[in-house]
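Residue numbers start from 1 in every chain, and the chains themselves are labelled A, B, ... in the order their sequence lines are given, proteins ahead of strands. No experiment lies behind these values; they were computed from the predicted model shown.
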Amino acid sequence: MSGSAHTSDARGAAWPATEAEARAVQEQLRPRVELADRAPAPGTPGTVLAGVDVAYDDTHDVVAAAAVALDGGTHEVVARATAYARVPFPYVPGLLAFRELPAVLDALERLGRVPDLVVCDGYGLAHPRRFGLASHLGVLTGLATVGVAKTPFVFRHGPVGAARGDSAPLLDGTEEVGRALRTREGVRPVFVSVGHRVSLDSACAHTLSLARRYRLPETTRRADALCREALREAATRQTGESRSPGEEGRAAATGRP
DNA sequence: GCGACAG
DNA sequence: ATCTTGTCGC
């Protein structure tokens with residue numbers, strides 16, 4: 001076969017094989033980001049707020065993803081799902097979505113609920129090409145998404161007030177691409193940006209609402225715990241049970257083994 | 001050319 | 001992300 005060098009991911013969709021192709025995909029999809037806010041008001045009972053996250057096992061080349069759904073009113077868990085995949089792309093700053101999204105999309109499908117908002121671990125519009133993983137996930141699924149990251153990446157911000165809820169613009173030069181938001185007193189801020197179908201104000205309001213007791217939103221904390229647990233169990237299942245030397249690095253390509 | 005660099 | 005001991009504090 002000549003021509004396109006695209007390959008297939010675990011879900012059967014085209015996936016870039018090189019950094020140049022990945023950047024081209026971002027440039028192509030970026031115009032599809034919608035800025036109109038379609039997220040529910042924070043605290044609305046009956047709405048579904050989802051968190052997604054992934055964990056890696058580099059030695060086995062496996063990524064485990066988790067999706068957790070919380071009720072918008074009580075923040076109690078109403079659904080959980082996991083998925084596995086071969087790591088489909090190397091870590092390259094600015095191309096994180098190509099490493100995480102196949103497994104995340106799979107986990108979201110298995111969730112059995114359609115979230116009203118998805119909170120991602122990383123950035124949305126706060127991205128060198130304005131298309132971080134939160135925006136990418138939103139465009140691919142049509143879901144409202146926000147990005148909440150733990151570090152400022154390549155961006156700058158002024159001082160953030162000491163009180164919970166205080167914030168400062170996250171700047172790419174003079175352009176506000178997100179917000180440094182303090183979710184707890186005496187704790188480093190988190191870095192919020194728009195993913196898809198949400199406003200920055202709404203993204204920050206949801207982040208604040210979901211992060212009362214801890215720095216990070218409850219959605220990402222739950223998803224983080226779940227994908228780590230899934231990865232541990234996958235490792236245990238291989239080591240402790242089937243000792244077949246030939247079958248090791250080839251853990252399930254997808255699904256719950 | 002040399003660092004910096006979401007997770 | 002992941003590798004890793006102890007330490008300070010509620």
Heavy-atom count check: over 12 atoms from other residues, nucleotides or ligands less than 6.0 Å from A:R129 CZ? yes
Would you say CZ of A:R30 has more than 12 non-hydrogen atoms from neighbouring residues, nucleotides or ligands within 6.0 angstrom? yes
Is any side-chain N of the basic residue among A:R80 and A:D53 closer than 4.0 Å to the acidic one's carboxylate O? no
Would you say that more than 12 heavy atoms from the other residues, nucleotides or ligands in this model lie under 6.0 Å from the CZ of A:R222, or not? no
Check DNA chain B for consecutive Watson-Crick or G-U pairs with both distances under 3.5 Å and list the runs of at least three as stems. none
Verify, without hydrogens or angle tests, whether A:W15 (side chain) and A:F98 (backbone) share a donor-acceptor contact under 3.5 angstrom. yes
Looking at A:A211, is its backbone amide N or carbonyl O close enough to the side chain of A:T183 to form a donor-acceptor pair, meaning the two atoms are under 3.5 Å apart? no
Encode nucleotides 1-7 of chain B as B, S and - characters from 5' to 3', where the letter depends on protein heavy atoms closer than 4.0 Å: B to the base, S only to sugar-phosphate, - to neither. ----BBB
Each nucleotide N or O in nucleotides 8-10 of chain C that has a protein N or O under 3.5 Å away: list the pair and distance.
none

Ignoring hydrogens and geometry beyond distance, is a side-chain donor-acceptor pair present between A:D37 and A:S202 at under 3.5 Å? yes
Using a strict 4.0 Å threshold on nitrogen-to-oxygen distance, state whether A:D61 and A:R86 make a salt bridge. yes
In terms of side-chain heavy atoms, does A:E100 have a donor or acceptor partner in A:Y91 at a distance below 3.5 Å? no
Looking at A:R130 and A:E175, does any basic side-chain N land under 4.0 Å from a carboxylate oxygen? yes
Enumerate the residues from residues 136-143 of chain A whose closest heavy atom to DNA chain B is under 4.0 Å, giving them by residue number; use none for an empty result. none
To check you understand the geometry: which heavy-atom pair defines the closest contact between A:L49 and A:T219, and what is its length? O-CG2, 3.9 Å
A:H157: which residues meet the ring-ring contact (aromatic ring centres under 6.0 Å, His included) condition with it, sequence neighbours left out? A:F191
Before you tell me yes or no, could you show the steps for A:R179 and A:D201 under salt bridge (Lys or Arg N to Asp or Glu O under 4.0 Å), namely the whole-Å CA-CA distance, both residues' side-chain angles and the distance that decides it to 0.1 Å? CA-CA 9 Å; A:R179 214 167 271 166; A:D201 281 343; 3.0 Å; yes
How does DNA chain C read in dot-bracket, base by base from 5' to 3', with Watson-Crick or G-U pairs under 3.5 Å and | used when the partner is on another strand? ..........
Under 30°, 30 to 60°, or over 60°: which ring-plane class applies to A:F153 and A:Y123, parallel, tilted or perpendicular? parallel
Can A:R23 be said to sit on top of A:F131's aromatic six-ring, NZ or CZ under 6.0 Å from centre and within 45° of the ring axis? no
